[in-house]
Amino acid sequence: MAAAASVRDIRLDLFRGLALWFIFLDHIPTNIVSWLTVRNYGFSDATEIFVYISGYTAVIAYSRMMARDGWTRAAARIYRRVWQLYVAHILLFVAFSAQIAFVSIARDTPALIEEMELLGLGQNPYRAILEAALLKFRPVNLDVLPLYIVLLAAFPFVLPVVVRWPLAVIAASLVLYAVTCRYNWSLPAYPDEKVWYFNPMAWQVVFHVGAACAVLGPRLAWLDRFRLPLTVLAVAFLVFSAFIALSWHYNPLERLIPAWVSRQIYPIDKTNIDILRFVHFLAIAWLVRLLVPIDAPFLKWPVWQPLRRCGEASLLIFCIGTFLALSGQVIVGQHEDSILSQIVVSIAGIAIMSSAAYVAAWFKAGETAGAPRAARAAK
């Protein structure tokens with residue numbers, strides 16, 4: 001999915017919006033509609049898509065600013081964004097915790113608090129609040145934003161290097177990833193025996209590969225000389241991973257997997273992004289690059305606009321999707337996990353997310369149009 005940073009790549013917003021839809025659908029347990037997401041057909045899921053695009057777009061946004069206004073100004077803008085993400089996470093933590101507590105009390109289901117990993121808040125509230133402020137304590141499904149905050153907080157020091165030497169950044173990122181996996185480095189979480197669900201020292205490899213691809217842009221076209229073998233390998237790996245992933249749901253397929261294969265591939269760790277997950281994502285990215293070129297006419301079809309709008313307002317849509325996923329879980333549970341309730345909840349949630357994205361775009365358009373008028377009035 002590489003493209004020149006000077007060209008507006010609408011694929012970024014489209015696939016980021018798709019990742020947000022997938023995250024929402026995957027966070028509703030026993031959701032039949034989640035079979036439309038990538039999670040059930042391979043080793044990686046929407047998280048890799050979101051993190052990769054975040055690194056890609058970070059370079060596009062801040063490298064231009066660094067070239068125009070200098071590194072200090074670009075770093076200041078990055079940290080302003082980090083602060084916005086941090087505030088959003090804290091507000092989301094408070095509101096989501098309140099939502100869990102309300103549902104637990106209203107439905108008399110105290111087990112929900114344990115299921116969503118919020119017991120620490122009741123057992124030691126003062127310590128839990130402190131750890132939440134330090135990004136070490138959070139309920140289930142609130143792990144993506146802290147990961148993004150840490151990666152973006154380190155990005156000002158990576159930005160001038162990746163702009164000049166993108167391949168060196170990839171190499172250094174791979175070394176850190178390998179060392180992290182080898183020595184099981186991790187960041188501590190709360191309660192004390194826990195670690196970060198998404199280990200930034202491992203997941204940085206996806207973010208930085210995305211950033212480097214944004215810089216390399218058309219230079220990645222040299223890979224096209226190996227298009228046939230790379231495509232064959234990518235398809236073969238995707239077929240293999242789909243077979244393995246489907247075997248988790250269908251016992252007859254599981255019995256066809258040789259024991260030595262199981263010993264080699266398991267466990268497939270998400271915390272440190274197992275190499276199989278990373279390679280699976282790279283295989284998908286390679287095929288997307290071939291099948292969805294930057295100038296593909298169908299990218300501008302109106303049917304894709306809701307996805308693009310959601311991708312443009314990614315922070316807002318992620319927060320809304322987090323609330324809707326828990327609400328959907330409750331509603332589906334009230335209807336005894338019926339397929340109809342799963343479909344209705346999924347469609348309704350995506351409709352709400354899309355509507356919110358359109359409203360955000362409307363407000364943004366008004367602010368953009370108002371700025372020139374205000375400037376003219378001040379003269």
State, to 0.1 Å, how close [X] and [Y] come at their nearest heavy-atom pair, and which atoms those are.
X	Y	result
Cys310	Ile317	O-CG1, 3.7 Å
Arg219	Trp222	O-CD1, 2.6 Å
Met201	Ser186	CE-N, 3.5 Å
Leu223	Leu230	O-CD1, 4.0 Å
Leu299	Ile294	CD1-O, 3.7 Å
Ala19	Ile49	CB-CG2, 3.9 Å

Are [X] and [Y] near enough that their ring centres are under 6.0 Å apart?
X	Y	value
Phe207	Phe155	yes
Tyr52	Phe281	yes
His208	Trp203	no

Distance from [X] atom [atom1] to [Y] atom [atom2], nearest 0.5 Å?
X	Y	atom1	atom2	result
Cys181	Asn184	SG	CG	8.5 Å
Ile28	Leu324	CD1	CG	8.0 Å
Leu147	Leu187	CG	CG	10.0 Å
Leu91	Phe93	CG	CZ	11.5 Å
Ile53	Glu48	CD1	CD	12.0 Å
Arg73	Arg68	CZ	CZ	9.5 Å

If you count the non-hydrogen atoms of other residues, nucleotides and ligands that lie under 6.0 Å from [atom1] in [X], is the total more than 12?
X	atom1	value
Glu193	CD	yes
Phe298	CZ	yes
Arg77	CZ	no
Leu233	CG	yes

Would you check if the side chain of [X] reaches a backbone N or O of [Y] as a donor-acceptor pair within less than 3.5 Å?
X	Y	answer
Ser241	Phe43	no
Gln342	Ile32	yes
Ser104	Thr109	yes
Asn40	Ala245	no
Asn272	Asp274	no
Ser173	Ile170	no
Gln99	Leu326	no
Ser341	Asp337	no
Gln204	Leu151	no

Going by the angle between their ring planes, with limits at 30° and 60°, are [X] and [Y] parallel, tilted or perpendicular?
X	Y	result
Tyr266	Trp248	tilted
Trp35	Tyr250	tilted
Phe237	His280	tilted

task = Please test Leu18 against Phe22 for side-chain contact (heavy atoms from CB on, under 4.5 Å), starting from the C-alpha separation and ending with a verdict.
result = CA-CA 6 Å; Leu18 186 64; Phe22 283 177; 3.7 Å; yes
task = Start with the C-alpha distance between Tyr177 and Ile275, add both sets of side-chain angles, then the distance that settles side-chain contact (heavy atoms from CB on, under 4.5 Å), and finish with yes or no.
result = CA-CA 10 Å; Tyr177 168 69; Ile275 188 63; 3.8 Å; yes
Note: [X]-[Y] ion pair, threshold 4.0 Å (strictly below):
X	Y	answer
Asp69	Arg64	no
Lys300	Asp295	no
Arg308	Glu312	no
Arg16	Asp13	yes

Cluster question for you: counting only ILVMFWY and a side-chain heavy-atom cut-off of under 4.5 Å, with indirect links fine, are [X] and [Y] together?
X	Y	value
Val38	Val288	yes
Phe15	Val303	yes
Leu340	Ile331	no
Val94	Phe318	yes
Leu134	Val195	no

message = Determine whether Asp45 and Lys270 satisfy the following criterion, side-chain contact (heavy atoms from CB on, under 4.5 Å), listing intermediate values before the conclusion.
response = CA-CA 10 Å; Asp45 58 27; Lys270 189 171 185 178; 2.7 Å; yes
Going by heavy atoms in the side chains, are [X] and [Y] under 4.5 Å from each other?
X	Y	result
Tyr148	Val51	no
Leu176	Val205	no
Pro252	Leu256	no
Tyr183	Val179	yes

request  = Show your reasoning for whether side chain to side chain donor-acceptor pair (under 3.5 Å) applies to Gln329 and Glu115.
outcome  = CA-CA 12 Å; Gln329 177 180 347; Glu115 178 185 346; 3.1 Å; yes
inquiry  = Quick test of your reading: applying side chain to side chain donor-acceptor pair (under 3.5 Å), list the pairs with at least one residue in residues 83-96, sequence neighbours left out, ordered by first then second residue.
reply    = Arg81-Gln84
query = Are Arg227 and Trp286 in a cation-pi contact, defined as NZ or CZ under 6.0 Å from the six-membered ring centre and within 45° of the axis?
reply = no
key: Steps toward side-chain contact (heavy atoms from CB on, under 4.5 Å) verdict (Phe278, Val206)   = CA-CA 8 Å; Phe278 187 41; Val206 182; 4.1 Å; yes
ask   = Which is it for Asp192 and Lys136 under the salt bridge (charged side-chain N to carboxylate O under 4.0 Å, His left out) test, yes or no, and what are the steps along the way?
value = CA-CA 9 Å; Asp192 294 332; Lys136 295 169 63 178; 5.9 Å; no
message = Please list all pairs meeting ring pair (Phe, Tyr, Trp, His ring centres under 6.0 Å) that have one or both residues in residues 58-80, counting only residues at least two apart or in different chains.
response =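 Counting only pairs at least two positions apart or across chains, no ring pair (Phe, Tyr, Trp, His ring centres under 6.0 Å) contact touches residues 58-80.
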task = Could you walk me through whether Asn31 and Ser346 pass the side chain to side chain donor-acceptor pair (under 3.5 Å) test, one step at a time?
result = CA-CA 8 Å; Asn31 184 12; Ser346 298; 3.0 Å; yes
query = Taking it one step at a time, do Asp26 and Thr37 satisfy side chain to side chain donor-acceptor pair (under 3.5 Å)?
reply = CA-CA 8 Å; Asp26 288 339; Thr37 73; 2.9 Å; yes
